[in-house]
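Have a look at the structure below before the remarks.
Along the sequence shown, residues are numbered consecutively beginning with 1. Everything numeric here is computed off the predicted structure, so don't read it as measured data.
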Amino acid sequence: MDFRVENKIGVSATSDALWEVLSDLERWSHWNPVFVEAEGTLGINTPLSLVERIEGLGERQVQARLGDWTPYSKLVWAEKRGWQFTSTRYVLIEEIARGSCIVTNGEIYGGMRGESWFMKHRRTLRLACQTMNEALRDQVVPRDS
C-alpha cells in the first residue's frame, strides 16, 4: 500500500513562469527551503542529486532518478530509500486560466518501511510540502514590500 502527503496552492502566475523556476534545478538553492541543493538535468531516467532539509528531520543526501517530466506541467523523481522503502516526489502545475495555476507538491511513500515513516512524520512532511509550495509561489510572485 502507498501513502501520500501533498499540498496544493493557488498561484497567480502562468505555468511558463512557474516552470522557469522549477526546471532550473541549479538555482533551487536560491529559493527552495526543502531541497537546499539540487544537481541534474531534465531527461527521462536521469540522475538527480539533492540535499533535503526538513525542519525536525534534519538534512539528508538524496540520490534519485527523474522519472517523468512534462514542460510547464510536471516534474517527478523517485528514490529507493532502502529495504522496503521507496518514495516518489512530484510537483504538478495545472494552469486553470491564463495567469492562474494550481501547484500540487507531494510525495508517495511505498513499502513497509515507507508506511511507518509516513505514519510517524506525516504532519512534518505535509508542512514541508506546504513550505516548498509557498517558496515557489513567492519566487514567481514576489510579495509587495
Side-chain angles (χ1 to χ4, degrees), residues 1-55 57-141:
M1 180 178 252
D2 291 335
F3 296 86
R4 179 185 311 254
V5 60
E6 69 179 21
N7 175 264
K8 292 184 181 198
I9 189 170
V11 180
S12 297
T14 64
S15 60
D16 301 30
L18 285 159
W19 185 253
E20 183 178 336
V21 172
L22 189 62
S23 65
D24 189 356
L25 300 175
E26 303 298 324
R27 293 197 46 85
W28 277 21
S29 63
H30 296 277
W31 66 267
N32 194 328
V34 175
F35 293 99
V36 296
E37 293 178 29
E39 293 180 15
T41 58
L42 296 182
I44 300 301
N45 205 31
T46 58
L48 295 179
S49 180
L50 307 154
V51 174
E52 179 185 71
R53 185 181 300 149
I54 297 177
E55 188 172 334
L57 299 180
E59 186 173 290
R60 69 183 191 91
Q61 298 289 321
V62 176
Q63 298 302 317
R65 291 246 169 231
L66 194 58
D68 195 7
W69 65 281
T70 303
Y72 317 107
S73 179
K74 70 179 168 183
L75 186 61
V76 181
W77 64 94
E79 175 189 12
K80 182 160 179 53
R81 293 179 67 168
W83 185 71
Q84 295 190 349
F85 190 178
T86 60
S87 68
T88 303
R89 185 77 186 215
Y90 56 91
V91 181
L92 309 174
I93 301 168
E94 179 185 4
E95 191 161 21
I96 54 177
R98 187 70 182 159
S100 183
C101 293
I102 295 174
V103 176
T104 304
N105 176 359
E107 193 160 11
I108 302 167
Y109 299 91
M112 287 177 46
R113 289 193 55 234
E115 176 184 358
S116 65
W117 176 260
F118 170 80
M119 298 305 276
K120 183 176 180 182
H121 300 292
R122 66 179 169 241
R123 287 181 184 85
T124 301
L125 297 167
R126 189 172 292 116
L127 182 58
C129 290
Q130 178 183 341
T131 300
M132 183 173 158
N133 262 355
E134 290 170 351
L136 175 60
R137 176 201 61 206
D138 293 348
Q139 182 67 22
V140 175
V141 185

Ignoring hydrogens, what is the shortest heavy-atom contact between [X] and [Y]? Give both atom names and the distance.
{"X": "R89", "Y": "C129", "value": "NH2-SG, 3.9 Å"}
{"X": "G10", "Y": "R137", "value": "O-CD, 4.2 Å"}
{"X": "V140", "Y": "A17", "value": "CG1-CB, 3.7 Å"}
{"X": "G110", "Y": "D2", "value": "CA-OD1, 3.5 Å"}
{"X": "V5", "Y": "F118", "value": "CB-CE1, 4.0 Å"}

- Item | Pair listing, salt bridge (Lys or Arg N to Asp or Glu O under 4.0 Å) test, anchored in residues 20-32, at least two apart |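 Pairs touching residues 20-32 that pass the test: none.
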Quick one, [X] and [Y] - any side-chain contact, counting heavy atoms below 4.5 Å?
{"X": "V51", "Y": "F35", "value": "no"}
{"X": "L75", "Y": "L92", "value": "no"}
{"X": "I9", "Y": "E134", "value": "yes"}
{"X": "V76", "Y": "T88", "value": "yes"}
{"X": "L136", "Y": "V11", "value": "no"}
{"X": "W28", "Y": "V36", "value": "no"}

- Item | Under the ring-ring contact (aromatic ring centres under 6.0 Å, His included) test, residues paired with W69 that sit two or more places apart | none
- Task: Just jot down the ring-ring contact (aromatic ring centres under 6.0 Å, His included) partners of Y90, sequence neighbours excluded, or say none.
- Result: none
Sequence neighbours left out, cut at 3.5 Å: what donor-acceptor pairs do the side chains of residues 37-44 make with other protein atoms?
none

- Message: For S87 and E107, which I'm curious about, is there any donor-acceptor pair between the side chains at under 3.5 Å?
- Response: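 A pair is found: one side chain offers a donor N or O, the other an acceptor, under 3.5 Å apart.
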- Message: Would you say N7 and N133 are linked by a side-chain donor-acceptor pair, where the criterion is simply a distance under 3.5 Å?
- Response: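 The answer is yes; a qualifying pair exists.
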- Which pairs pass side-chain hydrogen bond (donor to acceptor under 3.5 Å, both in side chains) with one or both residues in residues 111-127, sequence neighbours excluded?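 Pairs touching residues 111-127 that pass the test: none.
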- Message: With side-chain hydrogen bond (donor to acceptor under 3.5 Å, both in side chains) as the rule and sequence neighbours excluded, what pairs involving residues 72-85 come up?
- Response: R60-E79, D68-K74
- Task: Report the C-alpha separation of Q130 and M132 in whole Å, then their side-chain angles, then the decisive distance to 0.1 Å, and conclude whether the side-chain contact (heavy atoms from CB on, under 4.5 Å) test is met.
- Result: CA-CA 5 Å; Q130 178 183 341; M132 183 173 158; over 6 Å; no
- Message: Distance check, rounded to the nearest 0.5 Å: L18 atom CG versus C101 atom SG?
- Response: 5.0 Å
